[in-house]
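Structure, as structure tokens:
Please read all numbers here as calculations on a predicted model, not as lab measurements.
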Amino acid sequence: METESEPYVRLASLRQLHQAMADMNTARSLADTLQTVADGVVEALGYELAAVNLVRPDGDLVVAALAGNTAAEALITGRAGSRESWDRRLAMGERWGDLVFIPHTEGWVLDDDDVPQWYTDGPAPRFDDEWHPSDRLFAPMYAPGPQGGGTSGELVGVLSVDRPRNGRRPGAWGREALQMYAFQAAIAISNARLRANMQRALVRLERDQQALRASEESFRQAFEYAPSGMAIAEMGGDQHGRILRTNDALCRLLGRPASAMRRYSFSDLVHPEDIGTLLRTSAEGGRAELRLGRRDGTFVWVSLRNSVVADAADGPRFLLTHVEDIEERKRRELQLAHRASHDSLTGLPNSAELRARLSSRLCRQPPQGGLPSDVDSMEPFESFDSHDAAHGPPVFDRGHDFDFPPGAEGYDNFDRHVHMIAPAAEFDDGTKGLAVLFCDLDGFKSINDRFGHNAGDAVLIEVARRLGNGVRDGDTVARLGGDEFVILADGLGRADAQDLAVRLRNEIIQPIRAEGRAVRVGASFGIGWAHCGMTADEVLKSADERMYIEKRSRPKQHRRAG
């Protein structure tokens, strides 16, 4: 082409330049784009050597591609120069539009900086536009500005070119072509970077989706095949708490199919006495032990633990509930608690449980306005005598039916507490109280001595059964120890308490089968009245004393024994 006219040469160069631009815009990766940019400088613009210095995220520039010299490519590709050194180079020399030309007469000051470079020395130019081996020509590549058009954005990289094949510094057309090429290269590199970022994002997204699918499958299997019950419920909205999904273990535990479970929430299934426990259980990490209803109407004890499954963007999505069957453990705990609070022979509440129940109704502070006269004189108790006339009903107010813990007598005041008041002995004012009946068996020792302890145990068991059958639901029959029993009967007047003692004594004196023979025991009752200002032990002691008064008041021959 050197023998052809200049217009033809320019036309051929434009065709080559067009092809180079097309190639670098159709490269498949960022690395291919960078190499295509370097190759295009050599093939289309007529330079023997070209390097693409790409700006890294840290601001320094790395030699990302090189064309025209395999030795130089092996030596400097991948090496980096500091941004400070590059800024110094781009501020020196001559400005050819956007290009920077540093002649050999000035470039010697750059020989010792940290920018990777490839050059050779040679003789001084023989004429003004002759290219010297130490001349340097740089074409900065700027991304298009935010306004588009010809405005420049951030620096993408720098094209370094060396040794034009015609041996001369580029003229106006050559400079314009290199500047235009650098502009298009910046666009191609920016687009390639964008495509690379999108591809990496797509790869990450696909990887995340695969991990999510694997995680969902793992969760599904863990949920479905968990040995204990699992449920997913809605959070928020009108359907808050509604069960969306249950596993097979929970369906088997409650005897309900999965389709039926979706019609309920846990508040629909919980035992009425445990609804407060459920409502107090927090959603985040909440845990409770309560009873859930089975399809057959029975209830099973479970440990219920909640976890919130949340979405990073949308917040809580649903509630995951783990339900563990603790029926066997709860049964053992209840058995242990029952053994600790009940007599092993008769099954009645023992002395400790009796005192706890009595103490829960009492406080240390007497009622305002004083006590009835028989209470002030420490005579608030009535011994049983079947021939006594009925006295006026005692005073008792159930109030708010507020339960107090054992040992409540140690407190001075309770909110909503209504004082226990013993009934008056002199007149019947219609009030009722908490009667404490102290029962001691007559003639029991002789049964043990004559027939043995097995017979005595049989008598105690039967007496306990008769006492339990003779009182109302809600009354307490306890074994204090030995052959002594105590009955707590709420809401009775004096006549009511005396009638109760008569009925119970008549039941006890009936013949009892023990060790193949019929035996009889008698019973002495002392009736006391619980009131605030006294301890449980004081109440029991006073009732005990009244029982002994009653026992001594009856002739010995009237005491029924075996």
Side-chain angles (χ1 to χ4, degrees), residues 273 337-338 341-343 345-362 380-384 386 390-391 393-406 408-409 418-423 430-441 460-481 483-510 523-532 534-544 546-547 550:
E273 295 177 2
H338 186 272
S341 60
H342 287 71
D343 175 52
L345 177 64
T346 63
L348 296 178
N350 59 18
S351 174
E353 178 67 12
L354 171 67
R355 286 174 167 81
R357 294 187 184 185
L358 185 54
S359 297
S360 68
R361 300 300 306 275
L362 304 174
F381 311 103
E382 183 69 28
S383 62
F384 162 69
S386 59
H391 296 280
V395 176
F396 178 72
D397 187 352
R398 296 184 64 88
H400 298 280
D401 199 20
F402 188 78
D403 291 330
F404 297 99
E409 67 273 13
V418 177
H419 287 290
M420 302 296 301
I421 304 176
T431 57
K432 300 182 182 298
L434 175 59
V436 181
L437 283 68
F438 198 107
C439 172
D440 182 76
L441 301 183
L460 292 175
I461 293 172
E462 178 60 19
V463 169
R465 186 190 69 81
R466 294 179 181 183
L467 289 175
N469 291 338
V471 299
R472 304 162 303 173
D473 291 341
D475 291 345
T476 295
V477 178
R479 184 186 177 195
L480 194 61
D483 61 349
E484 296 178 335
F485 298 85
V486 173
I487 297 94
L488 303 181
D490 227 349
L492 298 185
R494 289 187 180 274
D496 299 329
Q498 292 165 3
D499 290 343
L500 176 61
V502 169
R503 291 198 308 272
L504 294 178
R505 183 174 182 274
N506 289 337
E507 288 292 329
I508 292 174
I509 64 177
Q510 300 302 316
S524 298
F525 282 85
I527 305 174
W529 300 95
H531 66 86
C532 292
M534 297 181 67
T535 66
D537 286 337
E538 289 172 344
V539 175
L540 294 174
K541 180 181 178 182
S542 298
D544 184 27
R546 303 308 301 178
M547 182 274 300
E550 193 271 341

Next item on the list: Return the minimal non-hydrogen interatomic distance between Ala435 and Trp529, and the atom names on each side.
Entry: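 Of all heavy-atom pairs spanning Ala435 and Trp529, the closest is CB-CZ3, 3.5 Å.
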
Notebook entry, point to check: Nearest heavy-atom pair of Ser542 and Met534: which atoms, and what distance?
Noted result: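 Looks like OG-CE, 4.2 Å.
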
Among residues at least two apart in sequence or on other chains, which ones pass side-chain hydrogen bond (donor to acceptor under 3.5 Å, both in side chains) with [X]?
X      : answer
Ser341 : none
Arg503 : none
Asn350 : none
Asp475 : Arg472

Quick one: pull up [atom1] in [X] and [atom2] in [Y] and give me the separation to the nearest 0.5 Å.
X      : Y      : atom1 : atom2 : result
Arg505 : Ser524 : CZ    : OG    : 7.0 Å
Leu488 : Arg357 : CG    : CZ    : 8.0 Å
Leu437 : Thr476 : CG    : OG1   : 12.0 Å
Leu504 : Asp499 : CG    : CG    : 11.0 Å

Notebook entry, point to check: With sequence neighbours excluded, what pairs up with Ile461 under the side chain to side chain contact (heavy atoms under 4.5 Å, CB included) test?
Noted result: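 If we apply the side chain to side chain contact (heavy atoms under 4.5 Å, CB included) test to Ile461, skipping adjacent residues, the hits are Leu345.
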
Margin query: For Glu484, give me all partners under side chain to side chain contact (heavy atoms under 4.5 Å, CB included), at least two apart in sequence or on another chain.
Written below: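 Residues passing side chain to side chain contact (heavy atoms under 4.5 Å, CB included) with Glu484: Phe438, Asp440, Leu480, Tyr548.
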
Taking C-beta and beyond as the side chain, do [X] and [Y] meet within less than 4.5 Å on heavy atoms?
X      : Y      : result
Leu362 : Val539 : yes
Val463 : Thr346 : no
Ile508 : Cys439 : yes
Val471 : Leu467 : no
Phe525 : Leu500 : no
Leu441 : Leu460 : yes

Note to self: Whether Glu538 and Lys541 form a salt bridge (side-chain N of Lys/Arg under 4.0 Å from carboxylate O of Asp/Glu) is what I want to check.
What the structure shows: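 Salt bridge between Lys541 and Glu538, a charged N being under 4.0 Å from a carboxylate O: no.
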
Using atom types as modelled and distance alone, determine if a side-chain donor or acceptor of [X] lies under 3.5 Å from a backbone N or O of [Y].
X      : Y      : answer
Arg546 : Ile527 : no
Arg479 : Asp343 : no
Asn506 : Val502 : yes

Next item on the list: Check step by step if side-chain contact (heavy atoms from CB on, under 4.5 Å) holds for Leu354 and Leu540.
Entry: CA-CA 10 Å; Leu354 171 67; Leu540 294 174; 4.0 Å; yes

